[in-house]
4 protein chains.
Amino acid sequence: MSSAPETTRTHYAHPFDDDKLREECGVFGVFGVADAANFVALGLHALQHRGQEAGGIVTHNTTTGFHSARRFGYVRDNFTSAKLMETLPGELAIGHVRYSTAGSKGRTEIRDVQPFFGEFSMGGAAIAHNGNITNAEALRRELIERGSIFQSSSDSECIIHLMARSLQRDIPERMKDALRRVEGAFSVVAMTRTKLIGVRDPLGVRPLVLGRIGDGWVLSSETCALDIIGAEFVREVEPGEMVVVTPETGLRSHRPFEAKSSRFCIFEHVYFSRPDSILGGRSVYETRRQIGVELAREAPVDADLVCPVPDSGTPAAIGFSQESGIPYAMGIIRNQYMGRTFIEPTEQIRNMGVRLKLNVNRALIKGKRVILVDDSVVRGTTSRKIKDMILDAGAKEVHFRIASPPTAWPCFYGVDTPKREKLLAATMSESEMREHLAVDSLRFISLDGLYRAVGEAGGRKPECPQYCDACFSGEYPVEPADMVERGFKLKTAAE
Amino acid sequence: MSSAPETTRTHYAHPFDDDKLREECGVFGVFGVADAANFVALGLHALQHRGQEAGGIVTHNTTTGFHSARRFGYVRDNFTSAKLMETLPGELAIGHVRYSTAGSKGRTEIRDVQPFFGEFSMGGAAIAHNGNITNAEALRRELIERGSIFQSSSDSECIIHLMARSLQRDIPERMKDALRRVEGAFSVVAMTRTKLIGVRDPLGVRPLVLGRIGDGWVLSSETCALDIIGAEFVREVEPGEMVVVTPETGLRSHRPFEAKSSRFCIFEHVYFSRPDSILGGRSVYETRRQIGVELAREAPVDADLVCPVPDSGTPAAIGFSQESGIPYAMGIIRNQYMGRTFIEPTEQIRNMGVRLKLNVNRALIKGKRVILVDDSVVRGTTSRKIKDMILDAGAKEVHFRIASPPTAWPCFYGVDTPKREKLLAATMSESEMREHLAVDSLRFISLDGLYRAVGEAGGRKPECPQYCDACFSGEYPVEPADMVERGFKLKTAAE
Amino acid sequence: MSSAPETTRTHYAHPFDDDKLREECGVFGVFGVADAANFVALGLHALQHRGQEAGGIVTHNTTTGFHSARRFGYVRDNFTSAKLMETLPGELAIGHVRYSTAGSKGRTEIRDVQPFFGEFSMGGAAIAHNGNITNAEALRRELIERGSIFQSSSDSECIIHLMARSLQRDIPERMKDALRRVEGAFSVVAMTRTKLIGVRDPLGVRPLVLGRIGDGWVLSSETCALDIIGAEFVREVEPGEMVVVTPETGLRSHRPFEAKSSRFCIFEHVYFSRPDSILGGRSVYETRRQIGVELAREAPVDADLVCPVPDSGTPAAIGFSQESGIPYAMGIIRNQYMGRTFIEPTEQIRNMGVRLKLNVNRALIKGKRVILVDDSVVRGTTSRKIKDMILDAGAKEVHFRIASPPTAWPCFYGVDTPKREKLLAATMSESEMREHLAVDSLRFISLDGLYRAVGEAGGRKPECPQYCDACFSGEYPVEPADMVERGFKLKTAAE
Amino acid sequence: MSSAPETTRTHYAHPFDDDKLREECGVFGVFGVADAANFVALGLHALQHRGQEAGGIVTHNTTTGFHSARRFGYVRDNFTSAKLMETLPGELAIGHVRYSTAGSKGRTEIRDVQPFFGEFSMGGAAIAHNGNITNAEALRRELIERGSIFQSSSDSECIIHLMARSLQRDIPERMKDALRRVEGAFSVVAMTRTKLIGVRDPLGVRPLVLGRIGDGWVLSSETCALDIIGAEFVREVEPGEMVVVTPETGLRSHRPFEAKSSRFCIFEHVYFSRPDSILGGRSVYETRRQIGVELAREAPVDADLVCPVPDSGTPAAIGFSQESGIPYAMGIIRNQYMGRTFIEPTEQIRNMGVRLKLNVNRALIKGKRVILVDDSVVRGTTSRKIKDMILDAGAKEVHFRIASPPTAWPCFYGVDTPKREKLLAATMSESEMREHLAVDSLRFISLDGLYRAVGEAGGRKPECPQYCDACFSGEYPVEPADMVERGFKLKTAAE
């Protein structure tokens, strides 16, 4: 059912910049601090890069029960007002920021915004989910057949209905039952009246970390959100682990799934996670700088300046400059007032595209041979425009260096990717892409180079890759069942 | 779970006038006209007196499926914009206006606003409900125990979940299954992809009428909503009847319940229905004028002027004047710009109370003996203030004549009544009330007089009353099971 | 200069009902009570019928100086919030409600909303104006030539600029200087840091009354606004009088203009003023009832029912029924939820016209000979629709009786009238109008009958009429200079 | 007079970051292109860093006259909607973005937002002003005395009133008259029905550049706004020059003021202008990088990393790293979702301060000796918090290097500076500041070093400085008359 939105809502998607992969969600939870919702709001603000469309917070207070608020737009525009935050009392709270749902056709409704809440006979529970359930459509059909009423178009709602039908008498056990039926990638933060719960899928595709603040406990998608509230980083929740926290018993670790070797998303290192987060014990910034170093070794070129495509290409550009000795310079300046809100833009503004956001430092670029370092090439539309801007400004040569391998396959584990046929690298070789972009040279880091940069000195182990790199390799660690049913063609042995 | 509202919302309840009983809902449906939603919007506008807090419309279009919009506030402020109405295409539509839900603790959320929608394995259905389910709490507990996830605090949501769990393979049959489990008062308008459905409970407590517009069919709480769209009144849906309309087969009538003698709500005649509606074949205005005639016969008094308490006392005041020969006059003037919206009023304004809405025609009233005709006395707070205003303006005598018997019992069939102890007539006799209000005389119409005025020449049949008059008599035709479980004391034989 | 509005604004004009003359303004002021702005808000709420588009309040506080707030929309929707009212401290305040300005081409801007404020070398002053300046365009040209910068399109802004250029050293004296240059109709309420000022033009066309509340003083367009705050009515400000109030000296009366015989607007009695106000010592309601009595005498007809066209025809219909003995009945019911707000209505809703607001009581009207009493006929469009509705409902005969003479001339003294050629009575005789409306009979009260009803037992004195009746007679007591310059044709001796 | 705002308005000032000097305005105008307003909107978007509180656009169209729109908030949130832009037709348009006005006490009203418009007897004119009029208060008193009515609290409104009173019969001549009475710094963009006009004060304190787009002409505060619309940079408007553009005559240059040697604001190079703009023929980015180079020469220190304080310290940090050979690193990460909008923040969020915006890259900083490069120190509050964050993250040493001399004097030429006593450098020596900030070392660039970096190889000429550097030197090129009258103490010979 399509609903007219309850309120006029600004369009928060990037209207002029659909040329990036988009992380779909960030999750955060805290238990054991006064006014927990304030901490969740700060945590979600720090995780805003993982999802900008909407956010939600659920809290529990022993006197007044569960409370919730869900809003479209940025955390800072909603969950900072004293008036709203007063409606979210309690020492236990979880929250979620989202970009969009795999299953959604068309626009998001407020009822699609997580955390989802369910009332069971033993009490209520709320869950927030980062990832994507690859068998959600089949589960949904089955649940409807049995009499469940779905309220949202989100794949994550399956989890609540599976829990509602579990025969277990205890909510964490019901959650185990539910998650064992679910396939795909998930990092879940959940809460009951008395417990904070965190779970990662057996492959550990999406991140989830554990922290402490005073006597309280924190769960977060990334460590940068621990920093903002002054929490101490304890460790990552492990792939396949469920942690259950209560103030009395502290943390208990469960292993509800069969053991598998982990396959963390390598693109979290390249682009999704914030540079000030720590992943697998390493600074994300440092990893990205190291990608630049590897890239300078793999694909050197004689030039006058190394310029990042702001902002995501910056650390790799610094690394490239340091390894190559070619001076680093801000050849492209980003307009810091370019937000995501454009209400029915005029035709003229729609056509401005990237120029609204970026401007070339003409006086600097003129007559120079320029190396542009970007994090990835998706459709190639933005790369083309940036190249045009640089040449218009009088550059003598333009060399693209890309801090990830060619993105040739869509992600089905919680990242918003275009259809395969829209991915430039799905239909062109590196040299065809160079020609298409009409640049002097174009080079991507190799898959092995990327593995080296993230710390795997021996590179990728083809028989059993250490990461999920399906977007580059086409090797999906979990079969995307719903998509295959809809006709998606997996990589053949021949490819 | 209490939620912070998705948008800042004006408070639509009467802040200074809680001294009326409030009808809780109006329903409307149409099938077989282009842009059916526009007709539903007009119908709901005509039914706005039955519920002012919120409204919703669901439509179905063979190409694009179901569509819905739900909004707080008046129909005219929401469902009149071309922009919104374009999102509601189709020839089949139902709608609902609501005041508040029996079950709601605290404020209404947008998810509590009807029509409710459910996706079943054989397709979707939407329902809109006027009335109250007296065993809703027990049903809810049972459904949650079996794994249903409730999304609203509304008693009406039970119907959708009961339908989801029915073993029938056809939606009208599932609805019969569901409604047979439900106790209380209900007039339901529902729709599937191909059918418009109307049902009244076996006692027919709430109204529901059938109309035709061109080749299309209409269902409405009252006939005044047929008039606004130019539809022809066909007949009332009968107590215990289910009508199912399709364009191909026309109307089919079902009788899913065991037969009972009907008990239509007599207060619909006194106050709830609009004076231009037709109930039981009679003009509501004419019935109310007749109540004034009966009252003038039962409780005559020598005076100079008969003045209505605007606006609901007007028809009875006209009848009283005509029967008594005492001139009718507008002694109290209503400010037509007094709406229901007050955003955080100042203390001073809060204290103004009824004076914001009503003003005495001082030059007219001064030195006169005044008969004030009002429709009912609930808490008595407004009556007291009006009496003060009239005396301040220099009236010599004030005589209250009330067009209904003393309201001594709460309604559990879809009307918002104060708790029993707040009802003036629950704790005082007529003469105590006169003394409490400090007026020269106070008389209510007798229950028999009211029955005569509505057309029962022989008055009320005590052994088997022709109407539901529980609010006056304390005789509840359906036991209010949830309320009894919560401790409500039924009338004893001794009372 | 046309400005895009600062905020999205609801269209408050009657989209479906432009068939009434519209009063353009109401003014209110109070001095000597704590939180004077609250009293002004209440007063403006009671005067809302005089102007619904926008309202404004200016206050002065000895510590913090002048404060102001101006808003589009109803008083009750804006000036009731504690948050706003806190920004308006002080014991001295004036306010204004407006419908539209004579001079405005196109839409009103917030800067057109009164009171207007000016800073002079001896301190600030604010003024609020009800009426219309008939030489405003000439004054404006002259002031611009001398270097004044106009900020609004309102004719009233001239007064402030004339004051700014006066050579007097005291604000009331400057106001006298300014108003002596101004032609037309004006009732002005103004304030300085220490004085509340009220002025009426020499003819006293628009009303202005004086009241007391405790030790404080009140100025108001009508007495109904004294009632709402519990103020005592003292007397009318006299035509040509300026009253200046300070707490120390009390009230001082000035006579800045040359004496003339007064010409109060007779249409205030017929339609503009509220029925619970007192004009010229008489209840407006009673005057209107008396018009009905006169009308029944002048234009009797045999019929079954006398029905008012709600709401403004009601008092005259009561009088007509009482004089004729034909029963009074509510044959047309008004939808009380019909507001003035329609945001971009759909085509279908636009075409509904009057049916959105009025419904015929079909069961009552069927087969009856009906007298419809209305206050006036302007374009005749609404009258025609109402007649259609009554006939559709099965009435046997329809007789219109109009409580004012034919409206054949536009008003230039503060009332929004269509251009002359749009006035039905400007182009048709009474019998042509009857034919045009296709009713069984149509009669207007005579001009003499109207004068009798307002208390002039001898009727109108043609050589020196007691009232301004230019809209009926075409005799303009002040020449409308700007309009004549623009080409308006005055009545010739032959007409 | 203080006014309640016409609409609820988000607070756009930096709630947690008042530790920067703020440019007060940007101006932009274009003549000779279709839909000129769209170009102005884009230009203002590119100039948004010069003023974030509000923006306005005025256009002129030969058929429909002048049009205007003024809004609080970002250009991208307002002047991008097709609906609004359609209300601004024409080939001639000017616009303005503002931070706040020198004269305003308390909050800005929409009527304070430029461009200002005045209707003169020979037609209308609109002006937009960047700078500050240092004798505005005296002018205002004089104009009020003569009968002008001021509508805003802005000093710029004086110009319109002076023009209204000029005896010249032509608008550009009236503008010359007006600007000759005005003291201080001003870059003005103005328009009549047929002309686009640009003026810079005799000292040329604020920037203003001239560009061409097709056959059309452009005026802009900075060249970066020419780039966004694809206009070609022609030259700077010269100090003391007035340019008047018409499509027929092209550009004509006037010299209305007595010649003086120019004193461009040196802080435009350091902080205000965008790094991709060109000032005085040099890339601003390159100048800032050069400041870093000078600073590394003047104040070297042994360390492990050079980190910018984002974002304004970045170019100087790059230069410092390149000159010193110490690696450049992103030690502090900026949250790109930190906007300026916080609606009534909770206490807890208010206390977060800079942590909402910046996070330390802990894994990178731990155990390192860190050089932090920032553009300036105003109050020192932010520097202190950043130092704390760096030490908390485990840095071994913290060395501050500041890309401007100590800011010891307020600006009176269009920049929002704290009162002198709030400036850290006004009350402390460099070594006291180091102690106050508790860092291992703190060094500012010397005034001569800064002059060298902006291209004055010989440094500053003390007898006749090439720039306005009053904020560093206390030498004000125009006496701030209003401020001196209010008690501001100029630098004495002894200081």
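Here is the naming used below: chain letters follow the sequence lines, and residue numbers restart at 1 for every chain.
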**Student:** Do other residues, nucleotides or ligands put more than 12 heavy atoms under 6.0 Å from the CZ atom of A:Arg146?
**Tutor:** no
**Student:** Looking at every heavy atom in both B:Gly118 and A:Ile149, which two are closest together, and how far apart are they?
**Tutor:** CA-CD1, 4.1 Å
**Student:** Go through A:Val113, A:Ile57, A:Ile144 and name the one with the most non-hydrogen pairs under 4.5 angstrom from chain B.
**Tutor:** A:Ile144
**Student:** Quick check on A:Phe150 against chain B: is it the side chain, the backbone, both or neither that has a heavy atom closer than 4.5 Å?
**Tutor:** neither
**Student:** Do you know which two heavy atoms are closest between B:Arg165 and A:Arg165, and how far apart they sit?
**Tutor:** NH2-NH2, 2.9 Å
**Student:** Can you tell me how far apart CD1 (B:Ile110) and CZ (A:Arg111) are? Round to the nearest 0.5 Å.
**Tutor:** 11.5 Å
**Student:** Please report the interatomic distance CD(B:Gln151) to CD(A:Glu119), rounded to the nearest 0.5 Å.
**Tutor:** 11.0 Å
**Student:** Identify which part of B:Arg141 has an atom lying under 4.5 Å from any heavy atom of chain A, answering side chain, backbone, both or neither.
**Tutor:** neither
